[in-house]
Amino acid sequence: MGTGPAARGMKVAKFGGTSVATAAQLLKVKAIVDADPARRFIVPSAPGKATSSDTKITDLLYLAQQLGAKRQPLGQVWEQIAGRFLTIVAELGVALDLAPELAATRKRIESGASPDYAASRGEAIHGRVVAALLGAEYVDAAEVVAFDRAGRLDAKTFTLIAQRCAGPGRYVIPGFYGATPTGEIKTFSRGGSDVTGAVVANALDVSLYENWTDVSGVLMTDPRVVPEAKPIVEITYRELRELSYMGASVLHEEAVFPVRDKGIPINIRNTNKPDDPGTMIVAERDAGHQVVVGIAGTKGFTVVNVEKALMNAEVGFGRRLLDVFERVSVSFEHTPTGIDTMSVVISDKQLVDGNGVSKIDQIVEDIQGAVKPDAIKVVPGMALIATVGQGMNHAIGTASRLFTALAKARVNVRMIDQGSSEQNIIVGVTEGDLAIAIRAIYNEFA
Ligand code: ASP
């Protein structure tokens, strides 16, 4: 994919909603950008919450769109949106007259604009404010981020960005949106400015993708369970994926792929504490000094234990069992097996049909018919905990430390699954034991 030599050694700096929520926050952004000439490509979100009781501009824009679709006046909602932008511009004292653009946007939303168009204006308009503040060139993302007819990112995006941002200066490319082949505005899914940042990083072959947010990196575990949870210093793309699968959310899921393709590291940083090093997300790391990087746990699983003597010798047993789940459109998470047992772990969300009726009785009945088991036991109320770390299954003693810690905390381990990726050990415990178990594992490995 295209790249100018000027871009090498350069950085993309993406700033999330809270980082750009107020004039005061934007001054922190300016200080960060000015501190490093390598920060040449800036990707801002729309203004997020200024306080916890505040509403994100993106959410207000979706509300405005709903009113516009019914041809109702935008009234109060628009006053809030426009007011936020105008206050920020006035407080920053930048020479920018947003009134004409705000008026035109309002008009378009009032005459029934699409949700994607309306939502994208948060980034599109705020990008102008950020560009004016930084003295950078504004690039409308609709010009350079292209979606194909099927709604996927078009590979020509990378060339478009490289060509448009080939100069020596600083560029602001608003996050979250692009345009379809017919010129309609389309957004990524929520939180999608992360994806724009990653795409820009790939297109310009930068050396680092900085993702500035309001925490000092990815924490080793959920701070609601372990308030003193430390940030992870270094984690691989793959390890992050394993942690996110179990509910740890820092980055948009799709934001890793474009940078991973080029081996560009992502650095999660805190706009409010710019001196904190944050978390580096890299292709490879030396696992020697930190075997376990993170622990993630989620409630809401049911385990179906199926027992049958000599099951291991019965050709097709596993297929027939899993076929039952497929027929009722239930996907499974894990299938730990023993000599005469096979368990299927299912997320509770999968177990209810469109009318909220549980499929479990049907599943049990079908299993009876399909594999004629000696016994079936359904265990609801399970929580899964993933302890993640590259090569941990090679590090002798890791599993023993994990299970000793759980035993000392008097946690009964109901299920064990050592992922074939050799990146994690998953244990199942009752939901009531989840917090105790996470704390025990954290204290052992942090
Ligand atoms: N403003 C968009 C959202 O709230 C995109 C983003 O901030 O990344 O989802």
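Order of listing sets the numbers, starting from 1, for every ligand and every atom in it. Quantities reported herein were computed from a predicted structural model and do not represent experimental measurements.
The residues Arg439 and Asp222 are annotated as not salt-bridged, no charged nitrogen and carboxylate oxygen being separated by less than 4.0 angstrom. Between Lys14 and Glu210, no side-chain nitrogen of the basic residue sits less than 4.0 Å from a carboxylate oxygen of the acidic one, so the salt-bridge criterion is not met. We find that Arg401 and Glu444 are joined by a salt bridge, their nearest charged nitrogen and carboxylate oxygen being less than 4.0 Å apart.
For atom 7 (O) of ligand 1, the closest non-hydrogen atom on the protein side is Ser45 OG, 3.0 Å. For atom 6 (C) of ligand 1, the closest non-hydrogen atom on the protein side is Ser193 OG, 3.3 Å.
Counting heavy atoms under 4.0 Å from ligand 1, residue Glu123 touches it through the side chain alone.
Arg108 forms a cation-pi arrangement with Tyr117, by the criterion of a distance under 6.0 Å to the ring centre and an angle within 45° of the ring axis. Note that Arg121 lies in the cation-pi zone of Tyr177, set by a 6.0 Å cut-off to the ring centre and a 45° limit from the axis.
Ligand 1 lies out of reach of Gly175, whose nearest heavy atom is not under 4.0 Å from it.
Aromatic ring pairs are classed by plane angle as parallel below 30°, tilted from 30° to 60° and perpendicular above 60°; the pair Phe85 and His126 is tilted.
Here is the list of ligand 1 atoms found below 4.0 Å of a heavy atom in Lys56: 3 (C), 4 (O). The distance from ligand 1 to the heavy atoms of Arg190 drops below 4.0 Å at these ligand atoms: 3 (C), 4 (O), 9 (O).
Checking only distances, Gly191 does come within under 3.5 Å of ligand 1, N or O to N or O.
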